[in-house]
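Quick note: residue numbers are just sequence positions, from 1. Ligands are counted one by one from 1 in listed order, and the atoms in each one are counted from 1 as well.
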Amino acid sequence: MKSRKSHFPRIKTIAFEGPGSTNPLAFRHYNPDEVIDGKTMSAHLRFGIAYWHSFRGTGSDPFGPGTIVRPWEKGKDPVSVAKVRMDAAFEFFQKIRAPFWCFHDRDIAPEGRTLAESNRHLDKIVAHAKSLQKATGVKLLWGTANLFSNPRFMCGAATNPDAHVFAYAAAQVKKALEVTKELGGENYVFWGGREGYETLLNTNLKREQDHLAAFLHMAVAYAKRIGFKGQFLIEPKPKEPTKHQYDFDVASGIAFLRTYGLEKHFKFNIETNHATLAGHTFQHEIEVAAAQGLLGSIDANSGDPLLGWDTDQFNTDVRELTLAMLSILRAGGLGTGGFNFDAKLRRPSIDAEDLFHAHIGGMDAYALAFKLARSILADGGFERFVAERYASFDSGFGRDIETGKATFASLEKLVLTKLGEPKPRSGKQEYLENLLARHLHG
Ligand code: XUL
Ligand code: CO
């Protein structure tokens, strides 16, 4: 990167110092250059930084305003401030050694008085982002449109009862797709911000779901028209800000995509805290998507078990992440996806240095989980146990069940004449939990 003024003058590029290091500004597990199976750790993990939290987050919450004041947020012209902010962001991406970033259109450029003015602002900032990407080598994991903050979207965007708002949202996503393509984005995310309802008293649920599907079909058609090859991703979340969001979880997302003939064009971006809000584990959501070949990307964060809302914290729970990583590796990885830190600093964490501590913790936890999951898979204990548990389906009448040859009548005959009563077998959960503990803690 050209020698510009540093925004983090006291912080050097974060180095890998190994598990024994006590330096709080060093990686202990994430060694971006370490080659594993012919690929660097950086290429395996594809970490991304969420622009909205790390560069637009101020620490505000429903009970009070922001607490975080960044020195680069100075000046009267919002487009010039946006450029300097972006310089700071790319310096951070480089120093934290993240190969990717992610953004919403309105995070990076200020909204204007009209859509045309907003688009002009966006064009200026996208040109700046393009030159920073070129200078630093940092790439765009995904882009998206903010269709939830502006009051015009208070009753949803694609599911708004007013066709005028639908049209506005369509125009906004059209532009967001163009700029994501311009920046080489490898994916494009649809998180249904307010695509749900507050009360069924004023809602035609069927029409709203039909409209959401029509909107997504238009996005598919437009991507084809402009030659955008990135992967489309749905990011499920059950609630918040709405009381019910239509993309409730991966399973309801799959049903929605199949109902409307969209399943070939979309995969899922799974966020840890959204899984929790839906009453699932992170690993559950990954397994449900992977089972259908629809695992796309991860929004890496965590909730707080005592708060019960979308706290978007950095995740340092190595057990939870190892289980998630096992399912991801078994599924063959994330393809064009990655691990995007959709996570924010706590309100009192006001130092710029806290951005580094937060991401170092998240990256190290994922890197350690990656290594543990790989050694668990190499050991093969769980794979052997599960294969053996289902072995009765590998041959004979079990195979006939899986291949569709068996019928109720053929199975009845077998039970009456040959098989008799099945012999119960232990599920051995405690044995398996101990096996996991041995891998995690020795
Ligand atoms: C909100 C959320 C979003 C999406 C992108 O809960 O996760 O930031 O990731 O719109
Ligand atoms: Co997210």
Thr203 side, atom OG1; Lys206 side, atom NZ - distance, nearest 0.5 Å: 15.0 Å
Under 3.5 Å: N or O atoms of ligand 1 paired with protein N or O:
residue: ligand 1; atom: 6 (O); partner: Lys237; partner atom: NZ; Å: 2.9
residue: ligand 1; atom: 6 (O); partner: His274; partner atom: NE2; Å: 2.9
residue: ligand 1; atom: 6 (O); partner: Asp310; partner atom: OD2; Å: 3.0
residue: ligand 1; atom: 7 (O); partner: Glu235; partner atom: OE2; Å: 2.7
residue: ligand 1; atom: 7 (O); partner: Glu271; partner atom: OE1; Å: 2.8
residue: ligand 1; atom: 7 (O); partner: His274; partner atom: NE2; Å: 3.4
residue: ligand 1; atom: 7 (O); partner: Asp342; partner atom: OD2; Å: 2.8
residue: ligand 1; atom: 8 (O); partner: Trp52; partner atom: NE1; Å: 3.2
residue: ligand 1; atom: 8 (O); partner: Asp342; partner atom: OD2; Å: 3.3
residue: ligand 1; atom: 9 (O); partner: Glu235; partner atom: OE1; Å: 2.7
residue: ligand 1; atom: 9 (O); partner: Glu235; partner atom: OE2; Å: 2.9
residue: ligand 1; atom: 9 (O); partner: Asp299; partner atom: OD2; Å: 2.9
residue: ligand 1; atom: 9 (O); partner: Asp342; partner atom: OD2; Å: 2.9
residue: ligand 1; atom: 10 (O); partner: His104; partner atom: NE2; Å: 2.7

Pair [X] + [Y], salt bridge at N-O below 4.0 Å:
| X | Y | value |
| --- | --- | --- |
| Glu198 | Lys243 | no |
| Glu34 | Lys39 | no |
| Glu182 | Lys130 | yes |
| Asp123 | Lys175 | yes |

Would you check if there is a donor-acceptor pair between the side chains of Trp309 and Asn273 at a distance under 3.5 Å? no
Please check if the side chain of His211 supplies one atom and the backbone of Phe166 the other of a donor-acceptor pair under 3.5 Å.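 Checked: no pair found.
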The protein N, O or S atoms lying under 2.8 Å from the Co ion (ligand 2) are Glu235 OE2, Glu271 OE1, Asp299 OD2, Asp342 OD2
Is it the case that Arg97 places NZ or CZ above or below the six-membered ring of Tyr30, under 6.0 angstrom from the centre and within 45 degrees of the axis? no
Got Ile108 and Leu122 here, is their nearest side-chain heavy-atom distance under 4.5 Å? yes
